[in-house]
Asks: 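Sharing a structure, written as structure tokens. Questions coming.
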Amino acid sequence: MAQRIASYGDYFISDAFGTCHRINSATMVDIPAVLGHGGTGYLLQSEISAYSKILGGAAPRPIVAIVGGTKVSDKILLLEHIMNKIDCLIIGGALAFTFLKAAGYSIGNSFHEAGQSFEDKYCEEQNIDELAKSFLLTARSCNVEILLPSDHVCHTRCEPTDAAMITKDANVPDSYMALDIGPHTVAAYKKCISICRMAIWNGPMGVFEIPTYSTGSFSIAKALGDATQARGLMSIIAGGASGNAARLCGHSCRVSHVSSGGGASLDLLEGKVLPGIEILDDKVN
Ligand SMILES: Nc1ncnc2c1ncn2[C@@H]1O[C@H](COP(=O)(O)OP(=O)(O)OP(=O)(O)O)[C@@H](O)[C@H]1O
Ligand SMILES: O=C(O)[C@H](O)COP(=O)(O)O
């Protein structure tokens with residue numbers, strides 16, 4: 001396919017930082033390989049120069065990674081690799097339900113990938129439940145503190161309501177779906193952020209596009225903005241949806257960097273060279 005697409009042009013300019021970590025990408029890696037060259041676009045240049053500043057020196061500890069959103073199988077593999085680079089891991093959004101299920105909680109009709117199998121980037125068959133369980137054990141052995149939601153904002157359908165239900169613990173009742181983190185969870189997550197010196201956030205805490213379920217994500221964005229302004233927290237908001245959530249509530253301009261790529265940023269934090277950048281010949285430093 002790369003051969004065919006490459007035949008339509010003479011130059012390749014890459015501007016998709018968000019997919020630069022994808023190793024099997026025909027667009028990001030194979031087209032410049034076929035053409036024998038590749039250049040960086042403006043967005044990619046600004047991401048590379050922001051990250052060279054942020055990750056150029058020793059990262060200040062403690063570091064918290066805050067992850068949410070929906071891409072469970074994607075994120076779980078990336079997170080395993082940064083275990084020895086972080087001190088705390090805050091999990092929210094739909095991602096939390098695969099882990100809560102693995103830990104024995106009831107999750108009602110919440111979005112999750114539990115019970116599913118998928119192929120990882122090396123084309124090996126992985127079972128998400130096993131992966132979630134072993135992930136929690138790995139975190140414990142690396143002394144990474146894991147924070148999972150202790151309450152949720154729920155409804156029977158993913159739609160606006162004035163009557164959302166807040167659970168009293170981490171269990172989600174049958175026929176309900178959890179659509180945002182609850183108030184106790186927000187307080188615990190803010191407390192964790194308040195003791196860290198670096199924070200990277202990828203993936204919203206709830207369905208922030210619907211105002212009823214936006215409080216969790218907006219509170220995280222505010223906590224990151226406040227800590228950055230007040231005491232110089234090194235803060236990164238990474239990923240299209242998380243960036244949009246921070247922009248919607250007005251805190252995106254108060255953090256150190258808003259990046260267009262969530263997975264790509266986690267890979268950079270791990271210290272990896274991203275395949276979609278490595279293949280280019282005019283990378284900026
Ligand atoms: N509890 C939940 N149930 C269902 N969907 C959720 C839940 N929490 C978050 N989401 C959804 O997750 C989506 C974003 O997930 P994703 O993993 O794509 O985030 P991202 O990495 O920041 O975004 P992008 O892929 O755009 O870079 C949002 O549209 C949000 O509505
Ligand atoms: O590769 C992808 O799935 C997206 O374009 C980037 O998504 P992420 O920000 O969730 O990694």
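Counting starts at 1 for both ligands and their atoms, in listed order.
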Asks: Answer yes or no: does an N/O atom from Arg22 fall short of 3.5 Å to an N/O atom of ligand 2?
Replies: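 Among all N and O atoms of Arg22, at least one is under 3.5 Å from an N or O of ligand 2.
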
Asks: Does CG in Asn84 sit with more than 12 non-hydrogen atoms of other residues, nucleotides or ligands closer than 6.0 Å?
Replies: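 Yes.
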
Asks: Identify, with sequence neighbours excluded, every residue that meets side-chain contact (heavy atoms from CB on, under 4.5 Å) alongside Pro173.
Replies: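 Residues passing side-chain contact (heavy atoms from CB on, under 4.5 Å) with Pro173: Met165, Thr167, Tyr176.
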
Asks: Judging by distance only, is a nitrogen or oxygen of Gly263 under 3.5 angstrom from one on ligand 2?
Replies: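 Yes.
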
Asks: Applying side-chain contact (heavy atoms from CB on, under 4.5 Å), can you list everything that pairs with Thr212, at least two apart in sequence or on another chain?
Replies: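 side-chain contact (heavy atoms from CB on, under 4.5 Å) list for Thr212, sorted by chain: Pro160, Thr161, Ala164, Ile210.
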
Asks: Within ligand 2, which atoms have a heavy atom of Thr19 less than 4.0 Å away?
Replies: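 Result: 1 (O), 5 (O).
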
Asks: Ligand 2 and Ser260, any nitrogen or oxygen pair closer than 3.5 angstrom?
Replies: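 Looking only at distances, the answer is no, because the N/O contact criterion of under 3.5 Å is not met.
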
Asks: Under 4.0 Å, heavy-atom basis, I'd like to know which part of Lys75 is in contact with ligand 2: side chain, backbone, both or neither.
Replies: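 Within the 4.0 Å criterion, Lys75 contacts ligand 2 through side-chain atoms alone.
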
Asks: Quick one: ligand 1 N/O to protein N/O pairs below 3.5 Å?
Replies:
unit_1, atom_1, unit_2, atom_2, d
ligand 1, 1 (N), Ala178, O, 3.1
ligand 1, 8 (N), Ala94, N, 3.4
ligand 1, 15 (O), Thr70, N, 3.4
ligand 1, 17 (O), Thr70, N, 3.1
ligand 1, 17 (O), Lys75, NZ, 3.3
ligand 1, 21 (O), Lys75, NZ, 3.4
ligand 1, 21 (O), Asn202, ND2, 3.0
ligand 1, 22 (O), Ala241, N, 3.4
ligand 1, 22 (O), Ser242, N, 3.1
ligand 1, 22 (O), Ser242, OG, 2.8
ligand 1, 23 (O), Ala241, N, 3.1
ligand 1, 25 (O), Lys71, NZ, 2.5
ligand 1, 26 (O), Ala241, N, 3.2
ligand 1, 27 (O), Gly240, N, 2.6
ligand 1, 29 (O), Glu209, OE2, 2.5
ligand 1, 31 (O), Glu209, OE1, 2.7
ligand 1, 31 (O), Glu209, OE2, 3.4

Asks: Do Asp151 and His184 pair up side chain to side chain, a donor and an acceptor below 3.5 Å, judged on atom types alone?
Replies: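 Yes.
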
Asks: Any atoms of ligand 2 less than 4.0 Å from a non-hydrogen atom of Gly18? List them with their elements.
Replies: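 Those atoms are 1 (O), 6 (C).
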
Asks: Under 3.5 Å, N or O to N or O, is Gly239 touching ligand 2 that way?
Replies: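 Between Gly239 and ligand 2 (N or O atoms, distance only) the closest approach is not under 3.5 Å.
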
Asks: Above 12 or not: heavy atoms from other molecules or residues under 6.0 Å from CZ of Arg231?
Replies: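 Enclosed: over 12 neighbouring heavy atoms sit under 6.0 Å from CZ of Arg231.
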
Asks: If you take the centroid of each ring, where Trp contributes its six-membered ring, are His152 and Tyr105 closer together than 6.0 Å?
Replies: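 Not under 6.0 Å, so no.
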
Asks: Name all pairs fulfilling the salt bridge (charged side-chain N to carboxylate O under 4.0 Å, His left out) condition that reach into residues 60-72, sequence neighbours left out, sorted by first residue then second.
Replies: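 Matches after skipping sequence neighbours: Arg61-Asp87.
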
Asks: Only heavy atoms of Lys71, strictly under 4.0 Å: list the atoms of ligand 2 that pass.
Replies: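 The list of qualifying atoms is 2 (C), 3 (O), 4 (C), 6 (C), 7 (O), 8 (P), 10 (O).
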
